[in-house]
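Data first, discussion second: the structure below is written as structure tokens.
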Amino acid sequence: MPDADEADDEEEMPLSLRLSIADTLTLGNATCGFMAVYFTTTGILIPHLTGSQETGMARHSAATAVILMLCAAVFDLFDGLVARKLRSSPMGAELDNLSDLISFGLAPAYFVLVYGMVADDAHQRVAAVGAIVVLLAVVLRLARFSCVTVKDGTFQGMPSPFGALTIVSIVLLELPFVATVLAILGTAWLMVSRVEYPKPRGPLAVAMLSWIVLAMGLLAAWAFDAPSGQLLLQTGCALQLVMGAVIPLFATARRVNNFRGNRREARAAQP
């Protein structure tokens, strides 16, 4: 009988460890996040430390790193859709959190850290503190997401992919250093706050995917020094910040309208 139990265990373990299509997309998310760190290091940090003056290379590498984070967001969007339509393995939720930590925690935090080392008006230690705050905010957000149940259709706090893209947008705007750090800290707070953000489903998912594709185009135009590429990129980054601030207002307005509607129904039901 022990031999039979061991044989059953050997047959069951591969089933529990088998990757689904959704899990494969999640691993693509993690790969993009790691490669974003790679391009930030080899194309921005190392040339700065070695005294290279190739600004074009740094621009291309920065654009590539951010495009990879955008690709990670696409993978993160589709792995959830595929998991709901098909299935995910028992490791799906854990893989998703670990991949998000790499792509939307480590990668943007490292981007902020390198910004603090290469920017002329930046203070390296202050930027390092900002990077740590970003990383810890994503860690806390992902841990809370695994433990707290919220109503269907909403996130509690800014989603980590949206937060990561907002943070790199703040850096790419090239604001004064103090304003940059304050905006980064504000975004980190939004990620761990109780502010509601809608989940990207249906038309909202299509809108988000369209915005990501547009952002990739703006980054490519900036990287290859296209006419008005800098202005287009800054406009896109500014829109990202505006959306981060405005989107919760829609969720708040919807909640207020629902509350008022419930009150009117309760009054109408009273004799």
Side-chain angles (χ1 to χ4, degrees), residues 33 36-37 40-41 44-45 48 62-63 65-66 68-70 72-73 76 97 99-148 150 154-198 208 211-212 215 219 233-252:
V37 173
T40 303
T41 302
I44 303 176
L45 181 60
H48 173 75
V66 179
L68 284 166
M69 292 184 215
L70 289 166
D76 185 62
N97 275 349
S99 298
D100 286 354
L101 179 59
I102 296 171
S103 298
F104 312 125
L106 176 62
Y110 187 70
F111 198 81
V112 171
L113 179 65
V114 172
Y115 155 74
M117 299 177 69
V118 304
D120 294 333
D121 64 337
H123 299 276
Q124 182 175 335
R125 293 182 179 179
V126 177
V129 172
I132 292 172
V133 171
V134 170
L135 181 62
L136 293 181
V138 175
V139 170
L140 291 172
R141 170 173 173 71
L142 293 174
R144 187 178 67 182
F145 179 76
S146 300
C147 301
V148 177
V150 297
T154 61
F155 288 114
Q156 191 178 81
M158 180 182 285
S160 52
F162 199 88
L165 299 181
T166 302
I167 286 169
V168 296
S169 296
I170 293 168
V171 175
L172 292 175
L173 272 175
E174 299 181 354
L175 300 171
F177 178 72
V178 174
T180 299
V181 172
L182 291 177
I184 288 172
L185 295 179
T187 305
W189 175 82
L190 280 174
M191 284 194 282
V192 297
S193 70
R194 297 183 181 275
V195 177
E196 292 184 353
Y197 281 78
M208 180 177 178
W211 172 248
I212 290 174
L219 284 162
L233 178 69
Q234 291 181 339
T235 302
C237 292
L239 286 175
Q240 176 72 29
L241 268 65
V242 170
M243 287 192 298
V246 170
I247 287 177
L249 298 180
F250 290 103
T252 302

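Small disclaimer: the values here were computed from a predicted structure and weren't measured.
- For the atom pair CD1 of Ile170 and CG of Leu165, the computed distance is 11.0 Å after rounding to the nearest 0.5 Å.
- The two residues Phe104 and Val138 have their closest heavy-atom pair at O-CG2, 3.2 Å.
- Thr180 places a side-chain N or O within donor-acceptor distance of the main-chain N or O of Leu175, the cut-off being under 3.5 Å.
- Separation of atoms CG (Leu219) and SG (Cys237) is listed at 7.0 Å; rounding is to 0.5 Å.
- Between Ile167 and Met69 there is no side-chain heavy-atom pair separated by less than 4.5 Å.
- Rounded to the nearest 0.5 angstrom, Asp100 CG and Leu106 CG are separated by 12.5 Å.
- Relative ring orientation between Tyr197 and Phe162 is described as tilted, the plane-to-plane angle lying within the 30° to 60° band.
- The nearest pair of heavy atoms linking Val112 to Ala131 is CG1-N, 4.0 Å.
- In this structure, Arg141 CZ and Met158 CE are separated by 9.5 Å, a value rounded to the nearest 0.5 Å.
- Here the closest non-hydrogen pair linking Leu101 and Leu142 is N-CD1, 3.7 Å.
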Could you go step by step and tell me if Leu45 and Thr40 meet the side-chain contact (heavy atoms from CB on, under 4.5 Å) rule? CA-CA 7 Å; Leu45 181 60; Thr40 303; 5.9 Å; no
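- Nearest heavy-atom pair across Val192 and Arg144 is O-NH1, 2.8 Å.
- Side chains of Ile184 and Val134 form a contact here, defined as non-hydrogen atoms less than 4.5 Å apart.
- Using a 4.5 Å heavy-atom threshold, the side chains of Leu190 and Thr166 count as separate.
- Two residues are said to be in side-chain contact when any heavy atoms from C-beta on lie closer than 4.5 Å; Ser99 and Asp76 fail this criterion.
- One distance of note links CD1 of Ile247 with CZ of Phe155; it measures 12.0 Å at 0.5 Å rounding.
- When every heavy atom of His48 is checked against every heavy atom of Met117, the shortest pair comes out as NE2-O, 3.0 Å.
- Taking all atoms of both residues into account, the shortest heavy-atom contact from Ala65 to Phe111 is CB-CE1, 4.5 Å.
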